[in-house]
Amino acid sequence: MENKNENPNKKGLITAIVIIILIAVLSIGGIFAYKYFSAEKEKDSKGVVGKISDGWDTGIEEESQQQQGRGIQIPGYGIAVMEEGDTSLVLSVGNPKANNCGFYATLKLEDGTELYKSELLKPGYGLTEIPLSQTLKAGEYTAIVYYKCVTLDEEQSPLNSAESEFKLIVK
């Protein structure tokens with residue numbers, strides 16, 4: 001008679017173990033699928049750490065349709081802060097979606113020291129963490145993001161250019 005009582009317990013235990021394993025496998029598979037399918041499309045920026053994303057967000061509200069038709073929109077900056085020895089700068093550099101041209105963005109210091117140069121940024125593309133070609137010592141710097149605007153065709157004919165100057169504080 002004891003065998004009859006043990007058998008249902010063993011079946012229940014085996015069933016519980018199978019259910020736990022199934023839940024674990026489905027959870028891991030769900031997490032993998034979520035990360036794989038919901039990840040933004042990103043593109044390496046010439047082998048450097050920063051990623052250029054087509055989901056770039058300026059962090060500001062989109063301008064009205066009336067304002068969007070007024071030429072090329074250029075992002076502006078006030079102050080950026082980083083730590084001495086950092087190899088990247090948190091700064092939103094990109095091409096607003098409303099533009100009908102491409103950008104090449106170059107981050108440099110007032111003395112001409114080039115810290116970063118992007119590949120072509122199509123409208124809506126950009127990055128929020130800029131990999132730097134060198135580290136900076138503590139201090140205040142005048143930094144500039146130079147935007148070279150080009151047509152989106154194969155020739156990439158030059159259009160106008162713009163500079164957005166800001167204060168870079170290195171702590």
Side-chain angles (χ1 to χ4, degrees), residues 31-65 67-171:
I31 291 169
F32 174 76
Y34 174 77
K35 286 186 176 188
Y36 180 78
F37 291 110
S38 69
E40 288 183 346
K41 293 179 183 177
E42 295 182 339
K43 195 173 183 181
D44 280 331
S45 177
K46 296 188 178 181
V48 292
V49 178
K51 299 282 186 180
I52 294 176
S53 170
D54 65 353
W56 177 70
D57 180 12
T58 61
I60 57 173
E61 291 183 31
E62 292 293 324
E63 296 185 26
S64 70
Q65 290 294 329
Q67 289 177 334
Q68 288 180 2
R70 293 187 179 174
I72 299 171
Q73 295 181 12
I74 304 291
Y77 313 98
I79 296 176
V81 180
M82 62 183 282
E83 296 293 321
E84 182 176 16
D86 280 356
T87 58
S88 64
L89 171 65
V90 175
L91 186 71
S92 187
V93 172
N95 186 352
K97 291 178 188 176
N99 287 335
N100 292 319
C101 64
F103 283 178
Y104 286 98
T106 303
L107 172 62
K108 58 186 179 178
L109 298 179
E110 186 176 42
D111 68 5
T113 303
E114 190 174 292
L115 300 174
Y116 173 78
K117 189 169 187 174
S118 77
E119 61 186 58
L120 179 66
L121 301 172
K122 295 177 183 175
Y125 281 72
L127 61 165
T128 55
E129 188 172 340
I130 311 302
L132 303 177
S133 61
Q134 67 184 55
T135 59
L136 298 173
K137 294 185 182 209
E140 289 189 11
Y141 300 85
T142 298
I144 301 159
V145 178
Y146 173 76
Y147 288 100
K148 177 183 172 188
C149 306
V150 297
T151 59
L152 291 172
D153 55 16
E154 284 185 28
E155 289 81 30
Q156 293 187 1
S157 301
L159 299 171
N160 60 350
S161 60
E163 291 185 352
S164 184
E165 186 175 297
F166 64 98
K167 183 188 290 187
L168 176 57
I169 299 171
V170 181
K171 295 181 176 182

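Numbers here are sequence positions counted from 1.
For residues 138-160, the salt bridge (charged side-chain N to carboxylate O under 4.0 Å, His left out) pairs, not counting sequence neighbours, are Glu140-Lys167. Residue pairs meeting the ring pair (Phe, Tyr, Trp, His ring centres under 6.0 Å) criterion with at least one member in residues 126-162, sequence neighbours excluded, are Phe103-Tyr147. Sorted by first and then second residue, the salt bridge (charged side-chain N to carboxylate O under 4.0 Å, His left out) pairs involving residues 72-86 (not counting sequence neighbours) form an empty list.
Residues Ile144 and Glu163 share a closest heavy-atom pair of CG2-CB, 3.8 Å. Contact detail for Gly126 and Leu121: the closest heavy-atom pair is CA-CD2, 4.3 Å. Gly85 and Thr135 get closest at one heavy-atom pair: O-CG2, 3.3 Å. Nearest heavy atoms, Lys117 versus Thr106: CG-OG1, 3.6 Å. The shortest heavy-atom contact between Pro123 and Lys97 is CB-O, 3.8 Å. Pairing each heavy atom of Gly102 with each of Leu152, the nearest pair is N-CD2, 3.4 Å.
Panel note: side chain Asn99, backbone Cys101; no donor-acceptor pair is recorded below 3.5 Å. Panel note: side chain Thr151, backbone Ser157; a donor-acceptor pair is recorded below 3.5 Å. The main-chain N or O of Glu165 is never found under 3.5 Å from a side-chain atom of Thr142 such that the two would form a donor-acceptor pair. No side-chain donor-acceptor contact under 3.5 Å links Asn95 to the backbone of Tyr125. A donor-acceptor pair under 3.5 Å is formed between the side chain of Ser118 and the backbone N or O of Ala105.
Residue Leu127 holds its CG atom at 4.5 Å from OH of Tyr116, rounded to the nearest 0.5 Å. Taken from CG in Leu89 to CG in Leu136, the straight-line distance is 9.0 Å, to the nearest 0.5 Å. Distance check, rounded to the nearest 0.5 Å: CD of Gln134 to CG of Leu115 gives 5.5 Å.
In this structure, Asn160 places its CG atom where more than 12 heavy-atom neighbours from other residues, nucleotides or ligands lie under 6.0 Å away.
Among the candidates Val90, Leu132, Leu91, the single residue satisfying the side-chain contact (heavy atoms from CB on, under 4.5 Å) test with Met82 is Leu132.
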